[in-house]
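Shown next, in structure tokens, is the structure this report addresses.
Sequential numbering from 1 along the given sequence is applied to the chain's residues.
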Amino acid sequence: TPLSHIRNFSIVAHIDHGKSTLADRLIQSTHTVADRDMKEQMLDAMDIERERGITIKANTVRIDYVADNGEAYVLNLIDTPGHVDFAYEVSRSMRAVEGSLLVVDSTQGVEAQTLANVYQAIDADHEIVPILNKIDLPAADCDRVAEQIEDVIGIDASGAIRVSAKTGIGIHETLEAIVHHLPAPKGDENADLKAMLVDSWYDSYLGVIVLVRIIDGRLKKGERIKFLSNGTVHHVDRIGVFRPQMQVIDSLGPGEIGFLTASIKQVRDTRVGDTVTHDKKTVQALPGFKPAQPVVFCGLFPVDSSEFEDLRDAIDKLALNDASFSFEMETSAALGFGFRCGFLGLLHLEVIRDRIEREYDIELITTAPSVVYRIFMRDGSMQELHNPADMPDLSVVDHLEEPRIKATILVPDDYLGDVLKLCQDRRGVQLDLTYAGSRAMVVYDLPLNEVVFDFYDRLKSVTKGYASFDYQMTGYQTDNLVKMSVLVNDEPVDALSMMVHRDRAETRGRAMVEKLKDLIPRHMFKIPIQAAIGGKVIARETLSAMRKDVTAKCYGGDATRKRKLLDKQKAGKKKMRQFGKVDIPQEAFISALKMD
Ligand code: GTP
């Protein structure tokens with residue numbers, strides 16, 4: 001296909017505005033997939049994505065389209081992940097295409113992720129075609145939403161296409177707009193091969209599959225290629241495109257998007273954003289390459305300690321396909337053997353945890369998520385802190401730095417006060433406040449540490465679900481942070497220790513010990529529960545001793561009933577963690593780490 005007849009694009013949208021449905025409709029209406037093979041959400045490969053309706057891995061499809069002018073075009077759609085945790089992947093896949101369809105739900109309007117993603121598209125110099133979706137719904141208000149797109153995003157929305165991805169209205173217009181409004185790719189077939197590694201994933205039959213966008217030159221089967229970031233050389237054994245199922249072809253030329261396999265064993269050896277060329281050639285690397293860094297860490301421990309090896313197995317398998325997920329073994333006095341894992345964000349954490357529980361059937365205890373702190377030592381060195389339990393003694397520490405984010409929140413006026421209060425409570429600094437229609441857009445500078453706990457949940461509850469939220473990391477800043485430990489029966493429970501701001505330590509400590517008092521069952525003896533900073537106790541509760549034997553009320557008569565009660569107690573015990581002389585139920589760890 002000549003460059004002039006190729007169009008490469010992505011679809012940007014807020015979650016649930018209809019990105020996947022539109023992609024499905026484009027695939028279907030061009031007969032890329034026979035109707036009988038069409039299943040909903042063709043592009044969401046993994047079950048978990050389908051279930052939760054979120055797109056995690058970028059996927060791609062090549063569509064043949066004969067336009068109204070009679071010419072045949074090749075349209076390559078790269079489906080980008082919609083969530084902030086995967087912002088880096090979004091930004092890379094955006095650089096692999098020249099245009100974007102901006103999908104906005106015409107019953108809802110612009111939301112936080114719409115903004116985050118469209119700014120990425122603008123950064124990547126995309127031509128943007130605005131699409132007002134869900135016009136079949138009575139609540140659709142296209143004029144208002146078009147105006148909002150112009151106000152908030154600042155792009156011309158007068159020609160926005162009115163679409164119902166559900167019923168098919170406007171799909172033909174969308175295809176024509178892709179051909180006529182989005183630019184053709186540029187590239188030089190005769191130059192040395194230069195391709196961008198857009199994505200990669202592990203397939204149990206083919207090994208690692210690498211999605212590439214050819215910038216210059218031509219890539220053929222049987223050639224030897226090199227990844228610039230690490231200099232590794234591989235022999236290409238297969239080249240193809242997605243329609244959306246794999247179709248093997250002989251070569252890929254400039255402007256084209258497709259996959260290669262080259263007996264690569266691990267996803268870790270292929271880095272999103274890397275530059276690919278022929279072995280022995282030197283080309284200039286594509287700009288801005290950086291490997292994705294985990295920003296949130298937490299411990300994952302099996303509830304049943306005999307499942308540790310199964311957990312290792314599950315984590316190994318998941319990591320095969322997810323280079324941004326990091327892990328190392330961790331032992332906790334409270335929780336036994338487990339893993340300290342690093343994630344791109346909270347959603348990423350949740351997805352991995354869910355997959356372990358569901359696909360591998362292992363019940364997990366997750367410790368409090370922690371961000372990566374920088375510890376500056378008295379001796380001038382710096383180290384990263386991934387686990388509050390590893391916090392060195394304060395006498396050797398000069399100061400600490402914590403990561404900050406820039407958060408953008410869109411919210412209906414009525415809830416603005418609550419949102420401002422929430423951000424203020426979380427040590428936020430307001431950067432901006434503007435209005436778009438009846439909605440406010442607030443921008444806050446916040447410590448990431450205050451967001452990883454339950455910020456999403458709180459935001460949702462104070463706004464009854466009407467706020468949308470997005471963030472990006474901005475950098476590190478010094479603050480007065482301390483490690484708070486929790487002691488149960490005078491023994492520190494490592495899994496409950498956390499980093500907190502000094503000014504909020506008392507409040508957090510008090511809340512924690514009060515909660516634990518309710519969560520830990522009474523024992524035969526009195527149990528002090530304390531929160532402490534260094535050696536200093538900042539909050540304390542005492543769980544009084546249990547007086548009655550549970551079986552006492554059976555009067556020794558009914559033996560079956562007595563045994564049943566004891567069995568019940570035993571079953572309850574299994575879900576407990578023995579800690580010193582105290583049994584702590586697993587829910588205690590989960591609930592105690594949530595804040596109100
Ligand atoms: P993620 O994959 O989670 O990012 O969401 P998405 O943006 O891909 O949205 P998706 O296509 O899954 O659509 C969200 C919901 O809106 C689904 O229940 C769709 O059936 C529905 N939907 C999508 N397009 C339309 C439309 O044009 N009209 C109506 N009535 N519903 C639609």
Side-chain angles (χ1 to χ4, degrees), residues 88 290-299 326 328 330 332-333 340-346 349 367-407 422-431 443-455 471-487 492-513 530-539 592-593 595:
Y88 176 69
K290 61 168 190 296
Q293 289 292 343
V295 294
V296 176
F297 283 78
C298 78
S326 73
E328 58 189 37
E330 180 183 8
S332 149
R340 188 85 195 160
C341 302
F343 306 91
L344 296 176
L346 275 186
L349 186 166
T367 65
S370 168
V371 301
V372 178
Y373 296 94
R374 288 182 181 164
I375 313 177
F376 292 84
M377 313 296 275
R378 289 259 152 90
D379 67 10
S381 64
M382 190 273 276
Q383 62 189 59
E384 287 192 344
L385 179 71
H386 293 177
N387 187 348
D390 299 335
M391 178 71 194
D393 194 79
L394 282 181
S395 61
V396 296
V397 173
D398 184 66
H399 67 282
L400 285 177
E401 282 183 1
E402 66 175 343
R404 310 271 308 186
I405 58 163
K406 185 174 144 193
L422 175 65
C423 292
Q424 223 63 47
D425 285 350
R426 299 295 170 95
R427 299 193 280 132
V429 179
Q430 191 178 311
L431 301 177
V443 183
Y444 259 87
D445 170 49
L446 281 157
L448 179 61
N449 142 311
E450 299 286 340
V451 173
V452 297
F453 280 96
D454 58 349
F455 189 81
Y471 70 84
Q472 66 197 75
M473 294 269 286
T474 46
Y476 275 79
Q477 200 175 304
T478 308
D479 219 322
N480 191 0
L481 300 155
V482 288
K483 171 178 157 184
M484 184 177 84
S485 342
V486 173
L487 297 97
V493 181
D494 53 358
L496 292 176
S497 57
M498 59 173 75
M499 301 299 298
V500 289
H501 191 266
R502 185 67 191 81
D503 295 347
R504 297 170 48 81
E506 265 84 2
T507 329
R508 185 101 28 105
R510 174 126 303 284
M512 174 76 98
V513 296
Q530 298 158 310
I533 295 171
K536 186 168 166 272
V537 174
I538 53 166
L593 298 167
M595 286 187 305

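- In terms of heavy atoms, G509 sits closest to M484 at CA-SD, 3.5 Å.
- Put simply, CG on L481 and CG on L400 are 5.5 Å apart, with the number rounded to the nearest 0.5 Å.
- Here OH of Y373 is found 15.0 Å from CD of Q383. Values are rounded to the nearest 0.5 Å.
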Go through it in stages, so that I can follow the logic: the residues are L344 and V295, the test is side-chain contact (heavy atoms from CB on, under 4.5 Å), and I'd like the CA-CA distance, side-chain angles, deciding distance and then a yes or no. CA-CA 5 Å; L344 296 176; V295 294; 5.6 Å; no

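- In this structure, S381 and D379 approach most closely via the heavy-atom pair OG-OD1, 2.7 Å.
- Between G428 and L446, the shortest heavy-atom contact is CA-CD2, 3.5 Å.
- Annotation: salt bridge (charged side-chain N to carboxylate O under 4.0 Å, His left out) contacts involving residues 471-481, sequence neighbours excluded, comprise R427-D479.
- Counting heavy atoms from C-beta on, the side chains of M382 and E401 never come closer than 4.5 Å.
- Of all the heavy atoms in Y471 and A407, the pair that sits closest is CB-CA, 4.1 Å.
- Contact record, L349 with C298: CD1-SG, 3.7 Å, taken as the closest heavy-atom pair.
- Considering CE of M498 and CZ of R508, their distance stands at 6.0 Å, rounded to 0.5 Å.
- Of the possible polar contacts, one joining the T367 side chain to the G299 backbone as a donor-acceptor pair under 3.5 Å is found.
- For R504 and E450, the salt-bridge test passes: some basic side-chain N is under 4.0 Å from an acidic carboxylate O.
- The CG atom of N480 sits 6.5 Å away from the CG atom of D503 when rounded to the nearest 0.5 Å.
- Residues P492 and Q530 fail the side-chain proximity criterion, which asks for heavy atoms closer than 4.5 Å.
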With a 3.5 Å cut-off and sequence neighbours excluded, list the donor-acceptor pairs that the side chains of residues 387-397 form with protein atoms.
residue : atom : partner : partner atom : Å
N387    : OD1  : A389    : N            : 3.1
N387    : ND2  : E330    : OE2          : 2.6
D393    : OD2  : S395    : N            : 3.1
D393    : OD2  : S395    : OG           : 2.6

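- Taking 4.0 Å as the cut-off between side-chain N and carboxylate O, K406 and D445 do not count as a salt-bridged pair.
- The backbone N or O of R404 sits less than 3.5 Å from a side-chain atom of T474, completing a donor-acceptor pair.
- With sequence neighbours left out, R502 forms a salt bridge (Lys or Arg N to Asp or Glu O under 4.0 Å) with E506.
- Scanning all heavy atoms of the two residues, the minimum distance from L448 to I405 falls at CD1-CG2, 3.8 Å.
- A 4.5 Å side-chain heavy-atom check between L385 and V372 finds every atom pair outside the cut-off.
- Note that NZ of K483 and CD1 of I533 are 11.5 Å apart. Values are rounded to the nearest 0.5 Å.
- In this structure, M499 CE and H501 NE2 are separated by 11.0 Å, a value rounded to the nearest 0.5 Å.
- Side-chain contact between F343 and P294 is absent, with no heavy atoms from C-beta onward closer than 4.5 Å.
- Put simply, the side chain of Q424 reaches to within 4.5 Å of the side chain of Y444, judged on heavy atoms.
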